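Here's the structure, in structure tokens; my notes come after.
Counting begins at 1 with the first residue of the sequence. In this text the structure is predicted, and so the values were computed from the model without any measurement.
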Amino acid sequence: MIIILKPDADKEQTALLKGKLKALGFELHESRGINSFLWGIVGDTSIIDPDYLMANDIVKDVKRIQEPYKTANRKMHPEDTVIDIAGKKIGGGHFQVIAGPCSIETEEQIVKVAQDVEASGAGLLRGGAFKPRTSPYSFQGLQNDGLKLLLEAKAATKLPVVTEIMTPEHLELFNNVDVVQVGARNMQNFQLLKALGKCNKTVLLKRGLANTLEELVMSAEYIMAGGNESVILCERGIRTFETSMRNTLDISAIPMLRSMTHLPIVVDPSHAAGIRWMVEPLALAAIAAGADGLMIEVHNDPAAALCDGPQSMTPEGFDKLMVKIRDTVKFFGKTMD
């Protein structure tokens, strides 16, 4: 349920009504926009008569929410959320590109790639230290050592960093990581989501290979219900009957998510197709569809990459793509800052 308060609502009456609702066992989430002041009421709202609420002079309107997600719901928060990551804003007209290798392999590799993507205009650096792989015999990442190398690249470039977490037990290792990524395989790892809800890190939540958009937003709700509302959604392709590419990028997910939630939306064209030459058209299509950012894999020697070489761009190719990205972002009225 959403309670829309009048702009000039009396503070004493507001506090009194808030106290009554909390006494009934409800949680209240406040959202104050430019022209609106809302309360999102979480709990069994069937016991509340909307007329009881409307009888309060400070209440402008009352709306019931049918969707199971509350805090992430656009009805609760009509304006787009803008997330500031160490000075890099995303959402609400702010566009960011996250770039870097799938896996951190050596100090030289991650630092060089970091410097290259920074020079091309990327706002954040990605790099995998812990790698969930389908095969137990595949490269699993450098893990703790990889995190240390990622932070060295961060120090060398001052770029905020994004890396994937596998388990709640690793959270203390991520103290100096700016954005914690939840991979597609862990989208419904609810214990991990609950733990991330109690931390103060921005979370980049990837859609599962076979999950619906509502399930994705519900996973975001797990994090937000714990108190952490700094969540970015990521469309990275879903598994379909098509076999000519790794996954199928669901472009339609972008406008649909935009109607469902106020959270920023990032698209990962590298994992979507798994094919290097497809990254550019998918990236530009994502911008046109309304994405707030892109996550692109870049490796200084894709042919020798220990993970996802076929989909990784070279620094030179990424530099050329960034020219087109900047022009397209500008054309659609967003800014890259």
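The shortest side-chain heavy-atom distance between V117 and V113 falls under the 4.5 Å cut-off. Counting heavy atoms from C-beta on, the side chains of C199 and L196 come closer than 4.5 Å. Contact check for H29 versus V42: side-chain heavy atoms found under the 4.5 Å cut-off. Residues M218 and P68 have side chains in contact (heavy-atom distance under 4.5 Å, counting atoms from C-beta outward). Contact annotation: the side chain of I165 never approaches that of F130 to less than 4.5 Å [non-hydrogen atoms, C-beta and beyond]. Looking only at side-chain heavy atoms (C-beta outward), V231 and T81 stay at 4.5 Å or farther from each other. Side-chain contact between K320 and E280 is absent, with no heavy-atom pair separated by less than 4.5 Å.
Evaluation of the side chain to side chain donor-acceptor pair (under 3.5 Å) rule for T328 yields no partner, not counting sequence neighbours. Listed by chain and number, the residues in a ring-ring contact (aromatic ring centres under 6.0 Å, His included) with Y222 are F190 (sequence neighbours excluded). Residues passing the side chain to side chain contact (heavy atoms under 4.5 Å, CB included) test with M322, sequence neighbours excluded: V97, S120, F318, I325, R326, M336. Residues satisfying the side chain to side chain contact (heavy atoms under 4.5 Å, CB included) criterion with L24, sequence neighbours excluded, are F26. Here K330 pairs with nothing under the side chain to side chain contact (heavy atoms under 4.5 Å, CB included) rule; sequence neighbours left out. Residues satisfying the ring-ring contact (aromatic ring centres under 6.0 Å, His included) criterion with H262, sequence neighbours excluded, are H77. Qualifying side chain to side chain donor-acceptor pair (under 3.5 Å) partners for E67, counting only residues two or more places apart in sequence or in other chains: N73, K75. With sequence neighbours left out, T243 forms a side chain to side chain contact (heavy atoms under 4.5 Å, CB included) with no residue at all.
Put simply, CZ on R207 and CG on N247 are 10.5 Å apart, with the number rounded to the nearest 0.5 Å. In this structure, the separation between CG on L151 and OG1 on T163 is 9.0 Å, given to the nearest 0.5 Å. Taking CZ of F37 as the start and CD1 of I3 as the end, the distance is 10.5 Å to the nearest 0.5 Å. In this structure, the separation between CD1 on I265 and CE on M256 is 11.0 Å, given to the nearest 0.5 Å. Rounding to the nearest 0.5 Å gives a distance of 9.0 Å between CD1 of I110 and OG1 of T157. To the nearest 0.5 Å, the span separating NZ on K194 from CG on N228 amounts to 15.5 Å.
Inspection of the H94 and D337 side chains reveals an N or O donor paired with an N or O acceptor under 3.5 Å. Between the side chains of N211 and Q188, at least one donor N or O lies within less than 3.5 Å of an accepting N or O. Side-chain polar atoms of E214 and T212 form no donor-acceptor pair below 3.5 angstrom. For the residue pair E105 and H299, a side-chain donor N or O sits within less than 3.5 Å of a side-chain acceptor on the partner. S252 and D250 are linked by a side-chain donor-acceptor pair at a separation below 3.5 angstrom, with hydrogens and angles left out of the test.
Between P255 and I251, the shortest heavy-atom contact is CD-O, 3.3 Å.
No donor-acceptor pair under 3.5 Å is formed between the side chain of E118 and the backbone N or O of L159. A donor-acceptor pair is defined here as one N or O able to donate and one able to accept, closer than 3.5 Å; such a pair exists between the side chain of N56 and the backbone of L53. A donor-acceptor pair is defined here as one N or O able to donate and one able to accept, closer than 3.5 Å; no such pair exists between the side chain of E297 and the backbone of Q311. Judged by distance alone, the side chain of T167 and the main-chain N or O of H170 form no donor-acceptor pair under 3.5 Å. Between the side chain of E107 and the backbone N or O of L149 there is no donor-acceptor pair closer than 3.5 Å. At least one donor-acceptor pair under 3.5 Å links the side chain of S219 to the backbone N or O of M187. Remark: the backbone N or O of F174 is paired with a side-chain donor or acceptor of K201 at under 3.5 angstrom. Proximity of a side-chain donor or acceptor of N300 to a complementary backbone N or O of K112 within less than 3.5 Å is not detected. For T261 (side chain) and L257 (main-chain N/O), no donor-acceptor pair under 3.5 Å exists by modelled atom type. N186 contributes no side-chain N or O that, together with a main-chain N or O of G183, makes up a donor-acceptor pair within less than 3.5 Å.
Between R246 and D308 there is a salt bridge, since a side-chain N of the basic residue sits under 4.0 Å from a carboxylate O of the acidic one. In summary, K88 and D84 do not engage in a salt bridge, as defined by a charged side-chain N under 4.0 Å from a carboxylate O.
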Item checked: Test log, rule side-chain contact (heavy atoms from CB on, under 4.5 Å), inputs K70 and M224 -> CA-CA 9 Å; K70 310 297 181 183; M224 301 175 77; over 6 Å; no

Next item on the list: Could you check I238 against L209 for side-chain contact (heavy atoms from CB on, under 4.5 Å), going step by step and ending with a plain yes or no?
Entry: CA-CA 4 Å; I238 53 176; L209 279 72; 6.0 Å; no

Next item on the list: Show your working on side-chain contact (heavy atoms from CB on, under 4.5 Å) between Q13 and D57 and close with a plain yes or no.
Entry: CA-CA 8 Å; Q13 292 184 51; D57 290 337; 4.0 Å; yes

Checklist line | T248 and F241: CA distance, side-chain angles, deciding distance, side-chain contact (heavy atoms from CB on, under 4.5 Å) verdict | finding: CA-CA 9 Å; T248 299; F241 52 79; over 6 Å; no

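Sorted by first and then second residue, the side-chain hydrogen bond (donor to acceptor under 3.5 Å, both in side chains) pairs with a member in residues 145-155 read K154-D178; sequence neighbours excluded. A salt bridge (Lys or Arg N to Asp or Glu O under 4.0 Å) check over residues 268-277, counting only residues at least two apart or in different chains, returns the pairs K206-D268.
Apart from M76 itself, the hydrophobic cluster it occupies contains I2, I4, L38, I65, where clustering links Ile, Leu, Val, Met, Phe, Trp and Tyr at side-chain heavy-atom distances under 4.5 Å. Annotation for V179: hydrophobic cluster partners, listed by chain and number, are I83, I85, I90, I98, L124, V162, L204, I232, V266, M295 (ILVMFWY side-chain heavy atoms under 4.5 Å, direct or chained).
In the hydrophobic cluster analysis, where Ile, Leu, Val, Met, Phe, Trp and Tyr join through side-chain heavy atoms closer than 4.5 angstrom, L21 is grouped together with M54.
In this structure, E242 places its CD atom where more than 12 heavy-atom neighbours from other residues, nucleotides or ligands lie under 6.0 Å away. Counting heavy-atom neighbours within 6.0 Å of R239 CZ, excluding the residue itself, gives a total of 12 or less.
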